[in-house]
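Side chains are part of it too, since the values below use all heavy atoms of this structure and drop only hydrogens, waters and symmetry mates.
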2 protein chains.
Amino acid sequence: MTQRRRPTIHEVARVAGVSISSVSRALNGNTSNADMVARVNAAVREVGYVPSVVAQSLKTRHTGQIAFAMEDIGNAAYLEMVRRIQPTLRDEGYRLLLHSTGADVEDELGVLASLSQNYVDGLILCPLRVTDRHVEALRQTAVPVVVIGLLPDDVPVDNVRADSRVGARLAVEHLAEAGARRIAFIDGPLDTVPGRARYDGFRSGLAAAGLPEDDDLVRFTDFQFDAGRRAARELLTGHPDVDAVLGANDLIAMGVLHALRDLGRDVPGDVRVVGMDDTPLAATSFPPLSSVSLGSADRGRIAAELLLRRLDGDDAPPERVTVPPSLNVRESSR
Amino acid sequence: MTQRRRPTIHEVARVAGVSISSVSRALNGNTSNADMVARVNAAVREVGYVPSVVAQSLKTRHTGQIAFAMEDIGNAAYLEMVRRIQPTLRDEGYRLLLHSTGADVEDELGVLASLSQNYVDGLILCPLRVTDRHVEALRQTAVPVVVIGLLPDDVPVDNVRADSRVGARLAVEHLAEAGARRIAFIDGPLDTVPGRARYDGFRSGLAAAGLPEDDDLVRFTDFQFDAGRRAARELLTGHPDVDAVLGANDLIAMGVLHALRDLGRDVPGDVRVVGMDDTPLAATSFPPLSSVSLGSADRGRIAAELLLRRLDGDDAPPERVTVPPSLNVRESSR
DNA sequence: TGAGGCGAGGGAAACGTTTCCGGGATGTGG
DNA sequence: CCACATCCCGGAAACGTTTCCCTCGCCTCA
């Protein structure tokens, strides 16, 4: 392998016998002389020229990169988003930079501050919590940002929301309709945006169904399988009259299914179970898990599209898009 | 918000009353004068200076970016890798660029050709198939590459392997030991690297256990839940004497579990099931799925570490690291 | 046939850094 | 007290593009 340096536009110009400006024009379609274009292309092939994106970026002031920052790519909801965001961006010639913040608020703010000032043309952000400092940072970003998740109304930033409040409510209403009277809820941390919204939705669902609230039937834990399993086991042991459980995400709901099986209760015969996020887990569990789809894939796609529009120069006022939730009923609640 | 351009190093120099070279030196720790450093830092804060990574990259010839290219980030094995790769790289100051090729060989080659010549300092690649053109491209990359997956021995590139052949064999031996005599195998496409290796391992496992080969008990399909379910249903209907099934990954194995349930067969009583990859799915399924861990997370971490070493200037001959598989026995085969 | 207009292409500046080089100040030893 | 080495810092070049500006040649029209 040759250790030679990559050929530059100067090399191409020399071989083609033209000036570097002409090469640049020919390559960027800013020339009408077909002969010139042909000569340049021939020279490009001859020397194996590949433009330096870095130099281009320096000159043109955009990098062709977009960052997606979230807590943990391991989370199925974020994963669904990435799967849609990446192709959407790629089709428009953008590369995707991935940044997991690991639930570290400082890191998240650091991303906002430094990412946005550098090496990306735009940013899609999924903050788990939104503090005043987030809002402040969002007001000052140097590049367009789209936030996926709940954002105060006065923050001038494009915002794609899932209505997990309505989602939780849908689930509760569905369970009540199916005959459940003692509905338990296993939530994530109450101080997270989704944890809070889902709890509110749960309560409003109870109210809508005319069922009493009972704090004993609610647990706040983590959005994880083991946490859900433990909490469910404890709750169901203490309250054997529970006839339905809503898990704040599919992992928790899977934990609930396992706890029920450990306790010898039949699903959905004795207890109905519904999860949230409608991840691939839901369809493959046993019994297949009813789950509230919050449209993660759609949110990802929409966020990417919004961002692309901004990058295209659209300076309309910030948009708020809410993706409506939908309930996917499977056997676990039928 | 001000529409002013970002301050440059010149701005800082002007405010601090020094030259731009001094600013650069102070910021990069190449000066011993504490007073100078203090003045520069003060000026940096005053004008809100953030260095332009693009300009730095142009000058220093490295970008601080590393790309990870795989077929589909939705695949749990790749996901595990990303989860380890990203923090490992971030801790060393590198950003992660994500590229899903979508099983498109052309695109994969395109990544190799263009990514490697541009905007990344290194590349971690998970090719699903390895063609001659891959090998050719790998020989010519401009930056260090680490390949996760099987690679011909003569390709001079760092390589991290899972021994999925031995992994499949482990599973078969385990099943045979548990008493299985008619072991079926549902594989992915035979013309993929993992599909091939797992098939070979399956056969060598049979041989090791002294069991006859029976092509009727092998199916080649996709690495997906539905494909696994369909193939399993068809196979098990035609061969009710099958007493164990190996799925080439956890998704397939989950499909097998569902097919068995549909057919009213008990797991593990009537039929034992083992999957591969040991994804989070396995632990949450019912019954919990025995699965062969191919060390995805470890492979990701090791690949990242190898790459970092190369970027650090290590020019030892290419390394081949094989991560040994291990079987995680759960209830589905107990 | 000559003047004016137009288009194509070359020269050079600029993007924002890092780093080489050289000059002046400072310190040290004879 | 002078010569020489040392250290700091400023000037300027360079990284590889894009693009502005200007010149030159050609074509058209009077």
Side-chain angles (χ1 to χ4, degrees), chain A residues 3-44 47-65 93 114 117-121 142-143, chain B residues 4-44 47-65 93 114 116-121 142-143:
Chain A
Q3 276 298 347
R4 285 196 35 236
R5 267 247 268 282
R6 311 172 30 172
T8 73
I9 203 174
H10 291 93
E11 194 77 2
V12 176
R14 200 179 50 72
V15 170
V18 299
S19 76
I20 62 163
S21 2
S22 298
V23 175
S24 177
R25 275 189 294 258
L27 293 177
N28 293 306
N30 295 326
T31 193
S32 44
N33 184 335
D35 181 48
M36 170 70 86
V37 172
R39 278 171 69 188
V40 168
N41 283 335
V44 163
V47 303
Y49 168 75
V50 179
S52 155
V53 239
V54 173
Q56 286 178 325
S57 297
L58 180 58
K59 196 58 197 168
T60 62
R61 322 188 131 279
H62 40 81
T63 62
Q65 303 192 147
S114 98
Q117 299 236 11
N118 257 319
Y119 51 75
V120 294
D121 297 339
V143 298
Chain B
R4 286 195 35 234
R5 266 249 267 285
R6 310 172 32 171
T8 73
I9 203 173
H10 291 92
E11 195 76 1
V12 177
R14 200 178 51 72
V15 170
V18 299
S19 74
I20 61 163
S21 4
S22 297
V23 174
S24 177
R25 275 189 294 257
L27 293 176
N28 295 305
N30 295 325
T31 194
S32 42
N33 185 334
D35 181 48
M36 170 71 85
V37 172
R39 278 174 67 188
V40 168
N41 283 334
V44 163
V47 302
Y49 168 74
V50 179
S52 155
V53 242
V54 174
Q56 286 179 324
S57 297
L58 180 59
K59 196 58 196 165
T60 62
R61 324 188 130 278
H62 41 81
T63 61
Q65 302 192 148
S114 99
S116 88
Q117 299 234 13
N118 258 319
Y119 52 74
V120 295
D121 297 339
V143 298

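Not counting sequence neighbours, the partners of A:Thr60 by the side chain to side chain contact (heavy atoms under 4.5 Å, CB included) test are A:His62. B:Ile9 is linked by a side chain to side chain contact (heavy atoms under 4.5 Å, CB included) to B:Ile20, B:Val23, B:Ser24, B:Tyr49, counting only residues two or more places apart in sequence or in another chain. Applying the side chain to side chain donor-acceptor pair (under 3.5 Å) rule to A:Thr31 yields no partners; only residues at least two apart in sequence or on another chain are considered. For A:Thr63, the side chain to side chain contact (heavy atoms under 4.5 Å, CB included) criterion is met by A:Ser57, A:Gln65, A:Asp121, B:Val54, not counting sequence neighbours. In terms of the side chain to side chain donor-acceptor pair (under 3.5 Å) criterion, A:Ser52 has no residue partners (sequence neighbours excluded).
We find that CG of A:Asn30 is positioned 9 Å from P of D:dT18, with the value rounded to whole Å.
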Chi angles and distances behind the side chain to side chain contact (heavy atoms under 4.5 Å, CB included) call for B:Val50, B:Val44: CA-CA 8 Å; B:Val50 179; B:Val44 163; over 6 Å; no
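Residue pairs meeting the salt bridge (Lys or Arg N to Asp or Glu O under 4.0 Å) criterion with at least one partner in residues 12-31 of chain B, sequence neighbours excluded, are B:Glu11-B:Arg14. Applying the salt bridge (Lys or Arg N to Asp or Glu O under 4.0 Å) test to residues at least two apart or on different chains, none of the pairs has a partner in residues 32-43 of chain B.
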Pairs under 3.5 angstrom, nitrogen or oxygen only, protein versus nucleotides 9-16 of chain D, please.
unit_1, atom_1, unit_2, atom_2, d
D:dC9, OP1, B:Asn33, ND2, 2.6
D:dC9, OP2, B:Thr31, OG1, 3.4
D:dG10, OP2, B:Ser19, N, 2.9
D:dG10, OP2, B:Ser19, OG, 2.9
D:dG10, OP2, B:Ser22, OG, 2.5
D:dG10, N7, B:Arg25, NH2, 2.9
D:dG10, O6, B:Arg25, NH1, 3.1
D:dG11, N7, B:Ser21, OG, 3.2
D:dG11, O6, B:Ser21, OG, 3.2
D:dA14, N3, B:Lys59, NZ, 2.8
D:dC15, O3', B:Arg61, NH2, 2.8
D:dG16, OP1, B:Arg61, NH2, 2.6

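Direction of the helix axis in the helix from C:dT1-D:dA30 to C:dG30-D:dC1 shifts by 50° between the two five-pair termini, rounded to 10°.
Within the nucleic acid shown, A:Asn28 comes within 4.0 Å of sugar-phosphate atoms alone, with no base atom in reach, counting heavy atoms only.
At the phosphate of C:dT18, neither OP1 nor OP2 sits under 4.0 Å from any side-chain N or O atom of B:Thr60.
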